[in-house]
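Input: a single structure, listed below in structure tokens.
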Amino acid sequence: MKNVFNNIIDTIGNTPLVKLNAITKDFPCPVYAKVEYFNPGNSIKDRLALKLIRDAEASGKLKPGGTIVECTSGNTGMGLALAATALGYKCVFTMSSKMSQEKVDILRAMGAEVFICPVDVPADHPESYYKVAERIAKERDGWLPDQYNNLSNSAAHYESTGPELWEQTDGKITAYVVSTGTGGTLCGTAKYLKEKNPNIKTIGVDPEGSLLKHWHETGEVDESLTRVYMLEGMGEDFLPDNYNREVIDYMVTVPDKESMLMCRRLAREEGLFCGTSAGAAVLGVLKSKDLFTADDFVVVVLHDHGSRYVGKVYNDNWMREKGFMD
Ligand SMILES: Cc1ncc(COP(=O)(O)O)c(C=O)c1O
């Protein structure tokens, strides 16, 4: 039997690489997209969700039938929820109020309890989605995976995303571009790829309003640089432990508006219906064009599927309201 699985978690990973044609037509080299919405939870986060759970089971932090409590921009929650269902755990999630309603509804549909927390409070405020998750974990004797500081996150990408890209490209990959949030996708994969070929260029894409690019350039974590932006899942207002400055060569900043417009172009010009961080990542590729020559083979990660954003980036009224479209 081919393509037959014992449960949903066995279908995680082995996602396709798809060549971009229209958007990068004037590039000197090929650009391929790692289309992570082919994962069962429609995002790359299924990979780390499973690894977080497996490592917590092994260390005894997650007991049979236990409760998983996590703050999530939606995708890690989806990965945790589907793995939890397959493996017999309960899930409680906290989310920031800027996240799309679709993401909240999807998590509830998966049987998780979801708490919405205000977006406009600092990470250490008692009402922030980080702190509320900590409080609920204590109250319910739950396990808090803490994808930001749990190194199983970057390890998941070191063990799966990195080797997959190396094998899929027969070792031809020369540049890796990715929107970055917790840092797991960027730093875990980059570490693996640089061990294989130290000359691979690794490029993180950071939204305007996040402090990560400044940190990469100066080593300083300057919270005064942060402000609210509309791109989801990427950028930070603190520095998660999954960051490793040594494996990041460049960081580029992208604005909300151009990233949103690029996200719409991906759907119309490439047939890739993605979330907004994918638009940001591809914009990051365009902004990095001067780094590439005819010898390059660029891979850009598309983190998740567009269905979670139909009320936002794919809604003309929302785009106009936000000033992203005339
Ligand atoms: C849609 C989306 N894009 C990008 C990212 C960033 O990935 P990472 O947290 O591995 O840096 C996330 C993380 O939640 C995400 O949900």
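Keep in mind that this is a model prediction, so the values were computed, not measured. For the single chain, residues carry numbers from 1 onward in sequence order. Indexing begins at 1, ligand by ligand and atom by atom, following the structure's order.
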Not counting sequence neighbours, list each pair that qualifies as a salt bridge (Lys or Arg N to Asp or Glu O under 4.0 Å) and has a residue in residues 154-165.
-> Lys34-Glu164, Arg47-Glu164, Lys51-Glu159
Is the centre of the Phe297 ring less than 6.0 Å from the centre of the Tyr32 ring?
-> yes
Looking at Tyr229, is Lys98 sitting on its ring face, NZ or CZ under 6.0 Å from the six-membered ring centre and within 45 degrees of the normal?
-> yes
Taking only heavy atoms of Ser277 into account, list the atoms of ligand 1 that are under 4.0 Å away from them.
-> 1 (C), 2 (C), 3 (N), 4 (C)
Determine whether any heavy atom of Gly275 lies closer than 4.0 Å to an atom of ligand 1.
-> no
Applying a strict 4.0 Å limit to heavy atoms, is Tyr148 in contact with ligand 1?
-> no
State, with a plain yes or no, whether a side-chain heavy atom of Trp166 is found less than 4.5 Å away from one of Tyr192.
-> yes
Min over Ala278, Gly235, Gly233, Ser179 of heavy-atom distance to atom 12 (C) of ligand 1 lands on Gly233
How far apart are the closest heavy atoms of Ile248 and Asn244, and which atoms are they?
-> CG1-O, 3.6 Å
Is it the side chain (CB and beyond), the backbone, both or neither of Thr185 that lies under 4.0 Å from ligand 1, heavy atoms counted?
-> both
Thr180 heavy atoms within 4.0 Å reach ligand 1 at atoms 11 (O)
N/O to N/O below 3.5 Å, does that happen between His303 and ligand 1?
-> yes
For Leu151, the hydrophobic cluster (side chain heavy atoms closer than 4.5 Å, chained through members) also holds none
For Tyr309, the ligand 1 atoms with a heavy-atom partner under 4.0 Å come out as 1 (C)
Are Thr76 and ligand 1 in contact, using a heavy-atom cut-off of under 4.0 Å?
-> no
Per-atom contacts of ligand 1 with Lys45, taking only distances under 4.0 Å to non-hydrogen atoms | 7 (O), 8 (P), 9 (O), 10 (O), 12 (C), 13 (C), 14 (O)
Evaluate the ring planes of Phe238 and Tyr130, with Trp represented by its six-membered ring, and classify them as parallel (under 30°), tilted (30 to 60°) or perpendicular (over 60°).
-> perpendicular
Residue selection (non-hydrogen contact nearest atom 16 (O) of ligand 1) among Asn75, Leu212, Asn242 = Asn75
Does ligand 1 have an atom that lies less than 4.0 angstrom from a heavy atom of Leu186?
-> no
Backbone, side chain, both or neither: what part of Gln147 comes under 4.0 angstrom of ligand 1, heavy atoms only?
-> neither
When the aromatic ring centroids of Phe324 and Trp318 are compared, is their separation below 6.0 Å?
-> yes
Taking only heavy atoms of Gly184 into account, list the atoms of ligand 1 that are under 4.0 Å away from them.
-> 10 (O), 11 (O)
Record the part of Asp304 in heavy-atom contact with ligand 1 below 4.0 Å; permitted values are side chain, backbone, both and neither.
-> side chain
Between Lys191 and Glu195, is there a salt bridge with N-O shorter than 4.0 Å?
-> yes
Would you check whether Met234 has a nitrogen or oxygen atom less than 3.5 angstrom from a nitrogen or oxygen atom of ligand 1?
-> no
Give a yes or no on whether a salt bridge exists between Lys194 and Asp249, defined as a side-chain N under 4.0 angstrom from a carboxylate O.
-> yes
